[in-house]
Amino acid sequence: MTGTADVLITTAFLHPGDEVDLMLGAAGLSTRHVPDLAALGEAERLELLAGVRAIIAGTLPLTAEHLAAAERLELIVRTGVGYDSVDLDAATARGIPVCITAGANRQAVAEHVFALMLAVARRVPENIQNLAAGSWQQLTGRELAGATLGILGLGSIGKAVATIAAGFGMSVVAYDPYFDEAFAAANGIRRAELDEVLAQSDFVTLHLFLDDSTRNLIDAARLRTMKRDAVLVNTARGGIVDEDALVDAVRDGVIGGAALDVFATEPLPADSPLLHTPGILATTHVAGATREARGESGRMAAANVIDVLSAAGAPRFVVNPGYEGVPA
């Protein structure tokens, strides 16, 4: 299929004929599903982009070059909460709102944090591998109850994590530049500065956006401030952690281990030391990949597109600096 469409969909989990496609079609909008724009020839890519009015975007990059070619573009919606894959400066310069589907995958990500923590704490992968190899070695793990959980980023997902942590009997200490004092007080969460959270916690989970202020925030120096048996969990964005420093820290016993769902380069190369260092557990950016979360994210994205393109409403969850009240 060649030619243009009203709505370009690059989210890999959305497909022709699904609920989102039907919603857009019922609103009179034509669609084109292209999970990877790089897979198109240049002429076809430029023709497609020239006519689209909205993009429902996945995790692969939407570059300044892509946006420059999309002359009619009115809106970009990311099916998720991370938007570092979109050239925000280029979109903002064009006056194109970039939106997220805030809250859609909150519970999914929060639950995956505990799947990762439990897997590391109870040494689940090692037990499975040993048993498959014919060994009945009964490895000793650790409990979450009574441990201190450090949360860096007490936003929507961080709050969901804190709520689950209470059920496990964990104490919670948190850092956030925009700390919600009321939520913390109601849920028994202690406030601390970033380095204090790292130093005090048995488990640390990251829920920060990736920008210039957070890139490589967890570097070699900060890893050295953590407890020697502490576990670092990252389901936010890979660039927040200096991955080379993390490999060194786990290999050398500076910290106890790590569990990662996100990486600076995705897909993660097969020869990455993150996959071959004992003590590091890695999953394929699936924290938000539940039927429930993906369904809600797709519906939210489609509703936002329909409202904006039909002039029925303003874009929701806009992240451009300075756009209708978004802080510069």
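Note that the coordinates shown come from a computational prediction; the quantities given were computed from them, not determined experimentally.
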Peer 1: Compare every heavy atom of L149 with every heavy atom of A165, then report the nearest pair and how far apart it is.
Peer 2: CB-CD2, 3.7 Å
Peer 1: Could you tell me which residues satisfy side-chain contact (heavy atoms from CB on, under 4.5 Å) with L22, sequence neighbours excluded, listed by chain and number?
Peer 2: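 Checked L22 against side-chain contact (heavy atoms from CB on, under 4.5 Å); zero matches.
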Peer 1: Does anything in residues 145-166 form a side chain to side chain donor-acceptor pair (under 3.5 Å)? List the pairs, not counting sequence neighbours.
Peer 2: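 Every side chain to side chain donor-acceptor pair (under 3.5 Å) pair that includes a residue of residues 145-166, provided the two are not neighbours, is R106-S156, T148-S171, K159-D180.
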Peer 1: Nearest heavy-atom pair of L223 and A249: which atoms, and what distance?
Peer 2: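 That would be CD1-CB, 3.9 Å.
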Peer 1: If you look only at distance, which donor and acceptor atoms sit under 3.5 Å apart when one is on a side chain in residues 110-122 and the other is two or more places apart or in another chain?
Peer 2:
unit_1 : atom_1 : unit_2 : atom_2 : d
E111   : OE2    : Q107   : NE2    : 3.1
H112   : NE2    : T283   : OG1    : 3.2

Peer 1: Passes side chain to side chain contact (heavy atoms under 4.5 Å, CB included), T235 versus L260? Steps please.
Peer 2: CA-CA 6 Å; T235 58; L260 311 173; over 6 Å; no
Peer 1: One pair to check against salt bridge (Lys or Arg N to Asp or Glu O under 4.0 Å): D242 and R222. What are the steps and the verdict?
Peer 2: CA-CA 10 Å; D242 182 330; R222 285 204 159 99; over 6 Å; no
Peer 1: Linking Ile, Leu, Val, Met, Phe, Trp and Tyr by side-chain heavy atoms under 4.5 Å, what else ends up with I56?
Peer 2: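 Its cluster partners, ordered by chain and number, are V7, I9, F13, L14, V20, M23, L24, L29, L75, V77, V305, I306, V308, L309.
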Peer 1: Let me confirm one number: the NE2-CD1 distance from H207 to I240, rounded to the nearest 0.5 Å.
Peer 2: 10.0 Å
Peer 1: Determine yes or no for a side-chain-to-main-chain donor-acceptor pair under 3.5 angstrom, with E19 supplying the side chain and G295 the backbone.
Peer 2: no
Peer 1: Got a sec, which pairs hit side chain to side chain donor-acceptor pair (under 3.5 Å) with one end in residues 269-279, sequence neighbours left out?
Peer 2: none
Peer 1: With sequence neighbours excluded, tell me which residues meet side-chain hydrogen bond (donor to acceptor under 3.5 Å, both in side chains) with D176.
Peer 2: none
Peer 1: Members other than V262 in its cluster, when Ile, Leu, Val, Met, Phe, Trp, Tyr link by side-chain heavy atoms under 4.5 Å?
Peer 2: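 None; V262 is a cluster of one.
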Peer 1: Can you list the residues that meet the side-chain hydrogen bond (donor to acceptor under 3.5 Å, both in side chains) rule with S297, with sequence neighbours excluded?
Peer 2: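 Once residues adjacent in sequence are excluded, the partners of S297 under the side-chain hydrogen bond (donor to acceptor under 3.5 Å, both in side chains) criterion are T101.
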Peer 1: Identify the two heavy atoms, one from D87 and one from A64, that lie closest to each other, and give their separation to 0.1 Å.
Peer 2: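 Closest approach of D87 to A64: OD2-CB, 3.5 Å.
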Peer 1: Taking the side chain as C-beta and beyond, is there a heavy-atom pair between R53 and L73 under 4.5 Å?
Peer 2: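 No; the side chains remain at least 4.5 Å from each other.
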Peer 1: If you take all heavy atoms of A69 and L46, which pair is closest and at what distance?
Peer 2: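 Minimum heavy-atom separation between A69 and L46: CB-CD2, 3.8 Å.
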Peer 1: With a 4.5 Å cut-off on side-chain heavy-atom distances among I, L, V, M, F, W and Y, is there a chain of contacts connecting L232 to L208?
Peer 2: yes
Peer 1: Short question: side chain of T10, backbone of G58 - any donor-acceptor pair under 3.5 Å?
Peer 2: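 Flag set: sc T10 to bb G58 pair under 3.5 Å.
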Peer 1: Distance-only, no hydrogens or angles: does the R228 side chain make a donor-acceptor pair with backbone N or O of G253 under 3.5 Å?
Peer 2: yes
Peer 1: Is a side-chain donor or acceptor of D211 paired with a backbone partner of S213 at a separation under 3.5 angstrom?
Peer 2: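 Yes.
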Peer 1: Please report the shortest heavy-atom distance between H15 and D18, naming the atom on each side.
Peer 2: N-OD2, 2.7 Å
Peer 1: Is there a path of hydrophobic side-chain contacts, each under 4.5 Å between heavy atoms of I/L/V/M/F/W/Y residues, joining M226 to V231?
Peer 2: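 Each belongs to a different hydrophobic cluster.
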Peer 1: Residues sharing V286's hydrophobic cluster, by side-chain heavy-atom contacts under 4.5 Å among ILVMFWY, directly or via others?
Peer 2: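 Noted: V286 shares its cluster with no other residue.
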Peer 1: Is there side-chain contact between L206 and V241, with heavy atoms separated by less than 4.5 Å?
Peer 2: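 Touching, per the 4.5 Å side-chain cut-off.
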Peer 1: Heavy-atom distance under 4.5 Å between the side chains of L144 and F203, does that happen here?
Peer 2: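 In short, these two side chains touch, coming nearer than 4.5 Å.
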Peer 1: For residues R190 and Q200, determine if any side-chain heavy atom of one lies less than 4.5 Å from a side-chain heavy atom of the other.
Peer 2: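 Yes, side chains in contact.
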Peer 1: Are V161 and Y175 connected in the hydrophobic side-chain network, where two residues link if heavy atoms are under 4.5 Å apart?
Peer 2: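 Hydrophobic grouping puts V161 apart from Y175.
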Peer 1: Do T31 and D21 get their side chains close enough for a donor-acceptor pair, meaning under 3.5 Å?
Peer 2: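 On atom types as modelled, these side chains qualify, holding a pair under 3.5 Å.
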Peer 1: Taking all non-hydrogen atoms of both residues into account, name the closest pair between G150 and S201 and its distance.
Peer 2: CA-OG, 3.1 Å
Peer 1: Below 4.5 Å, heavy atoms only, C-beta onward: do P125 and L281 meet side chain to side chain?
Peer 2: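 SC-SC contact between P125 and L281 confirmed.
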Peer 1: Give the C-alpha distance, both sets of side-chain angles, the deciding distance and a yes or no for side chain to side chain donor-acceptor pair (under 3.5 Å) between S85 and T59.
Peer 2: CA-CA 6 Å; S85 58; T59 57; over 6 Å; no
Peer 1: Between the side chain of T11 and the main-chain N/O of A57, is any donor-acceptor distance below 3.5 Å?
Peer 2: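 Side chain of T11 to backbone of A57: a pair is present.
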Peer 1: Quick one: does I218's side chain get under 4.5 Å of N234's, heavy atoms only?
Peer 2: no
Peer 1: Should E126 and R123 count as an ion pair when the cut-off is N to O under 4.0 Å?
Peer 2: yes
Peer 1: Walk me through whether V197 and L152 qualify under side chain to side chain contact (heavy atoms under 4.5 Å, CB included).
Peer 2: CA-CA 8 Å; V197 172; L152 301 184; 3.6 Å; yes
Peer 1: So R237 and F209, side chain to side chain contact (heavy atoms under 4.5 Å, CB included) or not? Walk me through it.
Peer 2: CA-CA 7 Å; R237 281 296 180 268; F209 286 109; over 6 Å; no
Peer 1: If a pair satisfies salt bridge (charged side-chain N to carboxylate O under 4.0 Å, His left out) and one of its residues is in residues 287-296, list it, with sequence neighbours excluded.
Peer 2: E296-R299
Peer 1: Identify each donor-acceptor pair in which a side-chain atom of residues 90-100 lies under 3.5 Å from a protein atom, sequence neighbours left out, and give them as a table.
Peer 2:
unit_1 : atom_1 : unit_2 : atom_2 : d
T92    : OG1    : L88    : O      : 2.8
T92    : OG1    : N320   : ND2    : 3.0
R94    : NH1    : L67    : O      : 2.3
R94    : NH2    : A70    : O      : 2.8

Peer 1: Less than 4.5 Å apart, any side-chain heavy atom of F168 and any of E143?
Peer 2: no
Peer 1: Is the backbone of A230 close enough, under 3.5 Å, to the side chain of D202 for a donor and an acceptor to pair up by distance?
Peer 2: no
Peer 1: Donor-acceptor pair, distance only, cut-off 3.5 Å: does the side chain of T214 make one with the backbone of L217?
Peer 2: no
Peer 1: Partners of E65 by side-chain hydrogen bond (donor to acceptor under 3.5 Å, both in side chains), sequence neighbours excluded?
Peer 2: none
Peer 1: Indicate yes or no for a side-chain donor-acceptor contact from N304 to the backbone of D307 under 3.5 Å, with no hydrogens or angles considered.
Peer 2: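 Here the side-chain-to-backbone pair does not exist.
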Peer 1: Test F263 against every option in T284, L274, L275 by the side chain to side chain contact (heavy atoms under 4.5 Å, CB included) rule and name the one that passes.
Peer 2: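 Result for side chain to side chain contact (heavy atoms under 4.5 Å, CB included) with F263: L274.
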Peer 1: Test of understanding: clusters of I, L, V, M, F, W, Y form through side-chain heavy atoms closer than 4.5 Å, transitively. Do L60 and I55 belong to the same one?
Peer 2: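 No; tracing contacts between hydrophobic side chains, which count when under 4.5 Å, never links both residues.
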Peer 1: I'd like to know whether R215 forms a side chain to side chain contact (heavy atoms under 4.5 Å, CB included) with L210, so could you lay out the CA-CA distance, the side-chain angles of the two residues, the decisive distance to 0.1 Å, and finally the verdict.
Peer 2: CA-CA 6 Å; R215 194 175 304 279; L210 176 63; 3.8 Å; yes
Peer 1: Cut-off 3.5 Å, side chains only: do D6 and S30 have a donor facing an acceptor?
Peer 2: yes
Peer 1: Does R32 pair with E44 as a salt bridge, N-O distance under 4.0 Å?
Peer 2: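 Yes.
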Peer 1: I'd like to know if the side chain of R45 and the backbone of L40 have a donor-acceptor N/O pair within less than 3.5 Å.
Peer 2: yes
Peer 1: Transitively linked via ILVMFWY side-chain contacts under 4.5 Å: I255 with L198?
Peer 2: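 Looking at the clustering, L198 is in the same group as I255.
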Peer 1: Side chains of I157 and N105: does their closest heavy-atom pair fall under 4.5 Å?
Peer 2: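 Yes. Closest side-chain heavy atoms under 4.5 Å.
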Peer 1: Do other residues, nucleotides or ligands put more than 12 heavy atoms under 6.0 Å from E42 CD?
Peer 2: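 Counting neighbours around CD of E42, 12 or fewer heavy atoms of other residues, nucleotides or ligands fall under 6.0 Å, so no.
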